Amino acid sequence: MVNVKVREGESIEEAIRRFKRECERNGIMQEIKKREYYKAPSVLKKEKLAEAKRKIRRKMLKDNRWGK
């Protein structure tokens, strides 16, 4: 949970800007976007597997490029 206290002499716009920055740092916006739509467990599993395959493929391409 993000708490932002308005400092003395600080405008509301500055406090909102600090609040948004704190939300970004804590990953709140990413979490909101992630939970925006329901995904079935089978879809999540497929996406996770696809991401793992992509990471492996990238690593192999990188290693081949540098002759490892």
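Each residue takes its place number in the sequence, starting with 1. These figures come from a predicted structure and were not determined experimentally.
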Peer 1: Roughly how far, to the nearest 0.5 Å, is the CD1 atom of Ile12 from the CZ atom of Phe19?
Peer 2: 13.0 Å
Peer 1: Any chance you could measure Lys20, atom NZ, to Glu24, atom CD, to the nearest 0.5 Å?
Peer 2: 10.0 Å
Peer 1: Taking 4.0 angstrom as the limit, do Arg54 and Glu51 come out as a salt bridge?
Peer 2: yes
Peer 1: According to a hydrophobic-cluster definition based on side-chain heavy atoms being under 4.5 Å apart (Ile, Leu, Val, Met, Phe, Trp, Tyr only), do Val2 and Met29 belong together?
Peer 2: yes
Peer 1: Using side-chain contact (heavy atoms from CB on, under 4.5 Å) as the criterion, list what pairs up with Leu44, not counting sequence neighbours.
Peer 2: Lys39, Glu47
Peer 1: Any chance you could measure Glu36, atom CD, to Ile32, atom CD1, to the nearest 0.5 Å?
Peer 2: 9.5 Å
Peer 1: Check Ala15 against Val4 and note the closest heavy-atom contact, atom names and distance.
Peer 2: O-CG1, 3.9 Å
Peer 1: Quick one: does Leu49's side chain get under 4.5 Å of Lys45's, heavy atoms only?
Peer 2: no
Peer 1: Are any of the side-chain nitrogens in Arg35 or Glu31 under 4.0 Å away from the carboxylate oxygens of its partner?
Peer 2: yes
Peer 1: Around Glu14, counting heavy atoms of other residues, nucleotides and ligands shown, do more than 12 lie under 6.0 Å from its CD?
Peer 2: yes
Peer 1: Between Glu22 and Arg25, does any NZ, NE, NH1 or NH2 come within less than 4.0 Å of an OD or OE carboxylate oxygen?
Peer 2: yes
Peer 1: Say you draw a straight line from CZ of Arg58 to CG of Asp63; how long is it, rounded to the nearest 0.5 Å?
Peer 2: 14.0 Å
Peer 1: For the side-chain contact (heavy atoms from CB on, under 4.5 Å) test, which of Lys5, Arg17, Arg18 pairs with Glu10?
Peer 2: Arg18
